[in-house]
Amino acid sequence: MALEVTAGFAYVRLHGSSVLYTSRYSDEELDTWALRVKDWQRRGDVYVYFDNDAKVHAPHDARRLIERVRGLPGAVPRRRRRDPRPVRA
């Protein structure tokens, strides 16, 4: 598995821990990924795509990873979403 960032952003696809597309990630595995994400954020945007959706683990693992990254010291602050509503004069 290559973990070298070669662009101004990082893109990671996670397909499941032990069983492809099916298994969830352990707390320890997500802790490791959170440290990597934090390191990569210092160089640019980081996109992590969970594809372990056969048993609906992807959204839960994504939330768990986000919580871990945000809880690390020095983590990049949460971005504010732009309001999609048009501005009226």
Side-chain angles (χ1 to χ4, degrees):
M1 170 176 24
L3 295 176
E4 183 179 345
V5 177
T6 58
F9 65 93
Y11 177 77
V12 180
R13 291 178 64 92
L14 299 175
H15 299 288
S17 176
S18 57
V19 179
L20 195 62
Y21 304 115
T22 304
S23 59
R24 67 183 286 275
Y25 285 87
S26 69
D27 290 336
E28 294 79 19
E29 289 170 312
L30 291 177
D31 288 342
T32 299
W33 280 110
L35 291 171
R36 290 174 179 151
V37 167
K38 179 188 167 200
D39 180 51
W40 294 334
Q41 282 180 329
R42 288 185 274 163
R43 293 177 253 166
D45 291 334
V46 179
Y47 305 94
V48 180
Y49 179 84
F50 283 89
D51 194 20
N52 55 333
D53 55 0
K55 293 189 177 180
V56 196
H57 292 300
H60 304 291
D61 284 347
R63 285 184 190 265
R64 291 170 54 224
L65 179 62
I66 289 168
E67 291 169 1
R68 284 167 167 71
V69 171
R70 288 185 182 155
L72 291 171
V76 173
R78 181 179 183 176
R79 285 194 219 180
R80 293 173 52 195
R81 292 180 185 235
R82 286 189 357 208
D83 190 342
R85 294 174 293 181
V87 176
R88 295 186 183 201

What is the minimum heavy-atom distance between [X] and [Y], and which atoms define it?
{"X": "Leu72", "Y": "Ala34", "result": "CD1-O, 3.5 Å"}
{"X": "Val5", "Y": "Ala7", "result": "CG1-O, 3.3 Å"}
{"X": "Ser17", "Y": "Glu29", "result": "OG-OE2, 2.6 Å"}

Next on the checklist: Can you confirm whether Gln41 sits close enough to Val69 that some side-chain heavy atom of one is under 4.5 Å from a side-chain heavy atom of the other?
Outcome noted: yes

Checklist entry - Is Arg63 atom CZ crowded by more than 12 heavy atoms from other residues, nucleotides or ligands, each under 6.0 Å away? => result no

Checklist entry - Above 12 or not: heavy atoms from other molecules or residues under 6.0 Å from OH of Tyr11? => result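 For Tyr11, atom OH is crowded (more than 12 foreign heavy atoms under 6.0 Å).
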
Looking at [X] and [Y], would you say the former's side chain and the latter's main chain have a donor-acceptor pair under 3.5 Å?
{"X": "Asn52", "Y": "Ser23", "value": "yes"}
{"X": "Lys38", "Y": "Arg68", "value": "no"}
{"X": "Asp61", "Y": "Tyr25", "value": "yes"}

[atom1] of [X] to [atom2] of [Y]: how many Å apart, nearest 0.5 Å?
{"X": "Arg24", "Y": "Leu30", "atom1": "CZ", "atom2": "CG", "value": "7.5 Å"}
{"X": "His57", "Y": "Asp51", "atom1": "NE2", "atom2": "CG", "value": "13.0 Å"}
{"X": "Trp40", "Y": "Leu35", "atom1": "CH2", "atom2": "CG", "value": "11.0 Å"}
{"X": "His15", "Y": "Tyr49", "atom1": "NE2", "atom2": "OH", "value": "8.5 Å"}

Checklist entry - Can Val37 be reached from Ile66 by stepping across I, L, V, M, F, W or Y side chains whose heavy atoms are under 4.5 Å apart? => result no

Checklist entry - Same cluster for Val48 and Leu3 if Ile/Leu/Val/Met/Phe/Trp/Tyr side chains link at under 4.5 Å? => result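 Hydrophobic grouping puts Val48 with Leu3.
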
